Colleague: 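Structure below; questions to follow.
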Amino acid sequence: MTLSHTPSSPAGADRTFQVDLRGLVDLLSHHLYSSPRVYLRELLQNAVDALTARRGVEPGAAPDAFGIRLYADGSVVRVEDDGVGLTEDDVHRFLATIGRSSKRAEQIAAQRAEFIGQFGIGLLSCFLVADEIHVLSRSARTPGAPAVEWRGRGDGSYTVRTLPASARPRPGTTVTLTPRADAGEWTRPVQVQALARHFGSLLRHPVTFDDGSGGPGAAVNPEPAPWARTYPTPGARSRALAAYGEEIFGFTPLDTIDLDLPAVGLKGIACILPETVPAGRRHGHRVHVKGMLLSEQAEELLPEWAFFVRCVIDAESLRPTASRESLYEDDTLAAVRDALAGRLRDWIARTAASNPDLLGRFLQAHHLAVKSLAVHDDEILRMLLPWLPFETTDGHATLDEFARTHRTVLVTSSVEEFRQVAAIAAAAGLGVVNGGYTYDRELVHRLPEIRSEVTVDDLDPATLTAHLDPVERETELAAAPYLALARDALAVFDCDVALRTFQPASAPALLLDSREARHERTRSQLAREQQGGVWGDILGHLRQEAPRAQLILNQLNPLVRTAVTIDEPELARTSAEALYGQAAMLSRRPLRPAESSLINRSFLDLLAHALRKDN
């Protein structure tokens, strides 16, 4: 698709697509590039690729023989390189044609992997900030080659002139932009310098910036990447990498991990976040390709479980997308992701073996991430399961600590079930772990793989009830009339009532009612309501004997001892409803509307009874 207009052709002849350049630039600005600031990245990228190509032409040149110079004084922005340059034919083929890249030319096809760019539309990004692009270039491929001038305008027109070699004494290319008035935000000298450092801080070629004040140009990338520098001691290296991580990400890393994958030319560091990250929240990573910043939010670099680190890397073989602002999902990226995940596992293993203090601080902040990894990684499971914290009837403890005092470990299926039974189970000497949090129940069940002397079972209401002491026969017989009235009052909730003794004595009642039991009762109720219909037949086949909830009254509690002596039927029913409501609230599970209504009604009825008694 050329920029210039194609004359009309005879009927039936092949025609050439015409391009509305302004419309194309608007498309790029709204759908391809995230911000007009990418114009400088594209210019730097073209310059770096030109230098890479010249290295191929002059492989014996000194490492610092070729460089990039930026200039911005508020009226122009200029990027000059000592690269391979362009001939007049190159200009017509590459600058005047959209969709073709000089990096696709056959003469450099063998070097394709050495270049950053993959598409030939990068120069168009300059039209995001300027209405005219001026390019002055001289080829290094042909001795004595003339200089070539190309001027492209936002209306789609362009001109090409051949100039004497003296117009550009040295090979290379200079791109000059005259910014539009509305582009000052991106073309002021201080902003151009900041953008150059932002995108080019890790470039391997020397880059300098001149603001037109007459002073010496400032180095944009004065030092190599921190992981490529030499340090006097390992401690000095660790401190330098941590300082770099803090500079880039704004936090002091808990630790840093060296990343080095020679197969894809990847180097960098992973910074361990010092604080807990919400589950499922993924941080973006800072990715450079051949030194050029590609993305600050590359989520696809690591697997989902690795949300406790942020990485900054520089790679040779990762493939950018068309916008060059994210990574293309291909087999190479998948292999890199797996290899980096392996580096994180290795760090966890080394830390567990050599630095328990650091491991403890790491697990305190990121135990959820490690649990998600341990579920699928047997090595991490064996290594770290004894260290991971869980909520138990002994408080927050590691499974290793908990298993020392409880050879039989019971695990709940939900948080609410644990909260219902925790105090009573602890008083009864039962070892119960809260299995309601993500990954916890599955991990606790794998504890016998680490400690063969320990058994793990799901907590069953009958197990807990069996550990509650029965009351004396005479006491139970005396309470039988009250218990019958209580069962009748709570039948609407499919709740049975029993009298036991248990600690703590301050707890008047315990409500045992799992989420699964409630769901089964709801399904059974629906089946009864749908008798005779299609849904009734389906639900009837699914119906099981719905487990009933249990309200266990504590004979050791003074309130219960008083309640079971009530012989007035309505008051007995009201007190049973009040005990049920209190136990439901103490379980800290969501209350059903009928339960909320019962709590309010029983309170008002007890209050009314007290007032009548006083009168």
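Quick caveat, the model's predicted, so the values are computed rather than measured.
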Colleague: Tell me if a side-chain donor or acceptor on His288 pairs with a main-chain N or O of Asp314 at a distance below 3.5 Å.
Modeller: no
Colleague: Show the atom names and distances, to 0.1 Å, of all donor-acceptor pairs under 3.5 Å that link a side chain in residues 333-343 to residues at least two apart or in another chain.
Modeller:
| residue | atom | partner | partner atom | Å |
| --- | --- | --- | --- | --- |
| Arg337 | NH1 | Glu300 | O | 2.7 |
| Arg337 | NH2 | Glu329 | OE2 | 2.7 |
| Arg343 | NH2 | Asp260 | O | 3.2 |

Colleague: Check salt bridge (Lys or Arg N to Asp or Glu O under 4.0 Å) between Asp488 and all other residues, then give those that pass, not counting sequence neighbours.
Modeller: Arg573
Colleague: Quick one: does any side-chain atom of Glu417 pair with a main-chain N or O of Ser413 as donor and acceptor, under 3.5 Å?
Modeller: yes
Colleague: Starting from the C-alpha separation in whole Å, work towards a yes-or-no answer on side chain to side chain contact (heavy atoms under 4.5 Å, CB included) for Ile313 and Arg286.
Modeller: CA-CA 6 Å; Ile313 66 160; Arg286 189 179 177 94; over 6 Å; no
Colleague: Tell me, with the steps shown, if Trp347 and Phe362 meet ring-ring contact (aromatic ring centres under 6.0 Å, His included).
Modeller: CA-CA 11 Å; Trp347 176 85; Phe362 169 68; 5.0 Å; yes
Colleague: If I take atom CG from residue Leu511 and atom CD from residue Gln550, how far apart are they, to the nearest 0.5 angstrom?
Modeller: 9.5 Å
Colleague: Closer than 3.5 angstrom, by distance alone: can the side chain of Asp605 be matched with the main-chain N or O of Thr574 as a donor-acceptor pair?
Modeller: no
Colleague: What is the minimum heavy-atom distance between Phe502 and Ala507, and which atoms define it?
Modeller: CE1-O, 4.0 Å
Colleague: Using atom types as modelled and distance alone, determine if a side-chain donor or acceptor of Ser452 lies under 3.5 Å from a backbone N or O of Pro448.
Modeller: no
Colleague: Taking only residues two or more places apart in sequence or in another chain, which ones pass side chain to side chain donor-acceptor pair (under 3.5 Å) with Glu568?
Modeller: none
Colleague: Is Thr501 reaching over with its side chain to a backbone N or O of Val471, donor-acceptor style, under 3.5 angstrom?
Modeller: no
Colleague: If you take all heavy atoms of Leu381 and Ala374, which pair is closest and at what distance?
Modeller: CB-O, 3.6 Å
Colleague: Sort and list the pairs that fulfil salt bridge (Lys or Arg N to Asp or Glu O under 4.0 Å) and have at least one residue in residues 230-247, not counting sequence neighbours.
Modeller: Arg237-Asp258
Colleague: Can you list the residues that meet the side chain to side chain donor-acceptor pair (under 3.5 Å) rule with Arg487, with sequence neighbours excluded?
Modeller: Asp496
Colleague: Tell me if a side-chain donor or acceptor on Arg561 pairs with a main-chain N or O of Leu556 at a distance below 3.5 Å.
Modeller: yes
Colleague: Taking all heavy atoms of Pro226 and all of Tyr231, pick out the closest pair and write down the distance.
Modeller: O-OH, 2.7 Å
Colleague: Go through the steps for Phe308 and Thr276 under the test side chain to side chain contact (heavy atoms under 4.5 Å, CB included), then give the verdict.
Modeller: CA-CA 8 Å; Phe308 56 88; Thr276 303; over 6 Å; no
Colleague: Looking at Ala427 and Gln503, what are the two nearest heavy atoms and their distance?
Modeller: CB-O, 3.1 Å
Colleague: Could you please spell out the steps behind the salt bridge (Lys or Arg N to Asp or Glu O under 4.0 Å) verdict for Asp346 and Arg350?
Modeller: CA-CA 6 Å; Asp346 292 343; Arg350 289 196 308 272; 5.2 Å; no
Colleague: Starting at CG of Asn554, measure out to CG of Leu510 and round the result to the nearest 0.5 Å.
Modeller: 9.0 Å
Colleague: Could you please spell out the steps behind the side chain to side chain contact (heavy atoms under 4.5 Å, CB included) verdict for Thr392 and Val409?
Modeller: CA-CA 10 Å; Thr392 76; Val409 175; over 6 Å; no
Colleague: With heavy-atom distances below 4.5 Å as the criterion, would you say the side chains of Gln364 and His367 are in contact?
Modeller: no
Colleague: Hey, does the side chain of Ser201 reach the backbone of His198 with a donor-acceptor pair shorter than 3.5 angstrom?
Modeller: no
Colleague: Using the test salt bridge (Lys or Arg N to Asp or Glu O under 4.0 Å), find all partners of Asp469 that sit at least two apart in sequence or belong to another chain.
Modeller: none
Colleague: Enter the distance from His609:NE2 to Leu604:CG here, rounded to the nearest 0.5 Å.
Modeller: 14.5 Å
Colleague: Could you check whether any side-chain heavy atom of Ile552 comes within less than 4.5 Å of a side-chain heavy atom of Leu468, counting everything from C-beta outward?
Modeller: yes
Colleague: With distance as the sole test, does Thr393 use its side chain to make a donor-acceptor pair with the main-chain N or O of Leu430 at under 3.5 Å?
Modeller: yes
Colleague: Do Leu388 and Leu399 have side chains that get closer than 4.5 Å, going by heavy atoms?
Modeller: no
Colleague: Under the 3.5 angstrom rule, does the side chain of Arg407 hit a backbone N or O of Ala403 as a donor-acceptor pair?
Modeller: yes
Colleague: To the nearest 0.5 Å, what is the distance between SG (Cys311) and CG (Leu302)?
Modeller: 4.5 Å
Colleague: Which atom names give the shortest non-hydrogen contact between Leu579 and Ala563, and what distance separates them?
Modeller: CD1-CB, 4.5 Å
Colleague: Within a 6.0 Å radius of atom CZ on Phe603, are there more than 12 heavy atoms belonging to other residues, nucleotides or ligands?
Modeller: no
Colleague: Does any non-hydrogen side-chain atom of Ile450 lie less than 4.5 Å from one of Arg446?
Modeller: no
Colleague: Would you sort out whether Leu459 and Phe418 count as a side chain to side chain contact (heavy atoms under 4.5 Å, CB included), showing the intermediate values?
Modeller: CA-CA 9 Å; Leu459 177 68; Phe418 178 81; over 6 Å; no
Colleague: Do other residues, nucleotides or ligands put more than 12 heavy atoms under 6.0 Å from Glu275 CD?
Modeller: no
Colleague: Roughly how far apart are Thr412 OG1 and Asn434 CG, rounded to 0.5 Å?
Modeller: 4.5 Å
Colleague: For residues Val287 and Ala298, report the shortest heavy-atom separation together with the two atoms involved.
Modeller: CG2-CB, 3.6 Å
Colleague: Quick one, His366 and Phe307 - any side-chain contact, counting heavy atoms below 4.5 Å?
Modeller: no
Colleague: Just wondering, do Val309 and Leu273 contact through their side chains at under 4.5 Å, heavy atoms?
Modeller: no
Colleague: Got a sec, which pairs hit salt bridge (Lys or Arg N to Asp or Glu O under 4.0 Å) with one end in residues 418-440, sequence neighbours left out?
Modeller: Lys371-Asp440
Colleague: For residues 382-412, pull every pair meeting ring pair (Phe, Tyr, Trp, His ring centres under 6.0 Å), keeping only residues two or more places apart or in separate chains.
Modeller: Phe402-His406
Colleague: Indicate every side-chain donor-acceptor pair of residues 472-486 with a distance under 3.5 Å to a residue at least two apart or in another chain.
Modeller:
| residue | atom | partner | partner atom | Å |
| --- | --- | --- | --- | --- |
| Tyr482 | OH | Ser575 | OG | 2.8 |
| Tyr482 | OH | Ala576 | N | 3.4 |

Colleague: Would you say Leu385 and Asp400 make side-chain contact, with heavy atoms under 4.5 Å?
Modeller: no
Colleague: So, using salt bridge (Lys or Arg N to Asp or Glu O under 4.0 Å) as the criterion, who are the partners of Arg345 when residues are at least two apart?
Modeller: Asp377
Colleague: Roughly how far, to the nearest 0.5 Å, is the OG1 atom of Thr562 from the CD1 atom of Ile566?
Modeller: 8.0 Å
Colleague: Excluding sequence neighbours, so at least two apart, what forms side chain to side chain donor-acceptor pair (under 3.5 Å) with Arg601?
Modeller: Glu577
Colleague: Are Leu490 and Val497 side-chain neighbours, meaning at least one heavy-atom pair lies under 4.5 Å?
Modeller: yes
Colleague: Under the side chain to side chain donor-acceptor pair (under 3.5 Å) test, which residues partner Tyr437, sequence neighbours left out?
Modeller: Glu391
